[in-house]
Amino acid sequence: MSCTISHSGVVRSVSDEMIVVSIAAKSSCGDCHAKTICGFSEISEKLVHIKPDCDKQFKPGDEIQVVMDSSIGTKAVLWAYMIPLFILMATVLICMQFMNELASFCIACTLLGCHFFLLHKNKQRFERNFSFKIKKKNV
C-alpha cells in the first residue's frame, strides 16, 4: 500500500494543456488563537500547475484534492537537496586535501551549478515523473 500526500485546493483556471490549482499553505501556528499577537503566523497561496486528465472536467472555483505519491516526494527531496549537499560536502572535503579553501569552494560551486543546470535541462522528464493528480473533493 503506498501512502499519498494530499492537499485541498481550488481550481483557478483551466485550459487544454494545464489546470492551475490554488493551495492555501498554512504554518503550524496558523490556527493558533494567539496568532494575531505573536505575528509569526503565515498563510500564503501556492499555485500548482497540473496536466489535466482527459476524462475529468473541472471549472474555475471547483474544490478539489491534489494528490501525489509520497515516494515521489521523497525522490524530489533527494534530487533537490540531498544530492547537492553530498556534491558540496564531498567536493570540499576532497579538494581541501590538494588546494586552498577558495579553490575548493569555487570547484564545489561549479559542480553544484552543473547539477542544477542538468536538472533544468531534464525538466520535462522530471515533470512526467513528478506529477500531481486531481480528484474531486468529497462534499
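Small disclaimer: the values here were computed from a predicted structure and weren't measured. This chain uses plain numbering: 1 for the first residue, then up along the sequence. The analysis underlying the following values was restricted to heavy atoms, covering all of them including side chains, and did not include hydrogens, waters or symmetry mates.
- Remark: Leu112 CG to Leu85 CG distance equals 9.0 Å, nearest 0.5 Å.
- Going from atom NZ of Lys133 over to atom CD1 of Ile64 covers 13.0 Å, rounded to the nearest 0.5 Å.
- Side-chain heavy atoms closer than 4.5 Å link hydrophobic residues (I, L, V, M, F, W, Y) into clusters, and following such links, possibly through other members, connects Leu111 to Val92.
- At least one side-chain heavy atom of Leu119 sits less than 4.5 Å from a side-chain heavy atom of Phe116.
- Following chains of ILVMFWY side-chain contacts shorter than 4.5 Å, one cannot reach Leu93 starting from Ile107, and the two form parts of different hydrophobic clusters.
- The environment of CE in Met82 is sparse: at most 12 heavy-atom neighbours from other residues, nucleotides or ligands sit within 6.0 Å.
- The minimum heavy-atom distance linking Ser104 with Met99 is given by the pair OG-CG, 3.8 Å.
- Linking ILVMFWY residues whenever their side-chain heavy atoms come closer than 4.5 Å, directly or via other members, leaves Val10 and Met68 in distinct clusters.
- In this structure, CD1 on Ile83 lies 7.0 Å from CD1 on Ile87, to the nearest 0.5 angstrom.
- Note that SG of Cys114 and NZ of Lys121 are 13.0 Å apart. Values are rounded to the nearest 0.5 Å.
- Val66 and Val20 sit in two unconnected hydrophobic clusters of ILVMFWY residues. Membership requires side-chain heavy atoms under 4.5 Å apart, directly or through other members.
- Between atom CD1 of residue Ile134 and atom CD of residue Gln65 there is a gap of 11.0 Å, rounded to the nearest 0.5 Å.
- Around atom CZ of Phe105, no more than 12 heavy atoms belonging to other residues, nucleotides or ligands sit under 6.0 Å away.
- Around CE of Met18, the count of heavy atoms belonging to other residues, nucleotides or ligands within 6.0 Å exceeds 12.
- The hydrophobic clustering, which links ILVMFWY residues whose side-chain heavy atoms are closer than 4.5 Å, places Val67 and Ile19 apart.
- A distance of 12.0 Å separates CG of Leu102 from SG of Cys95, quoted to the nearest 0.5 Å.
- Counting heavy atoms from C-beta outward, Pro60 and Val14 have side chains that approach closer than 4.5 Å.
- In terms of heavy-atom proximity, Arg12 sits nearest to Ser22 at NE-CB, 3.2 Å.
- The aromatic rings of Trp79 and His115 sit parallel, their planes meeting at an angle under 30°, below the 60° perpendicular limit.
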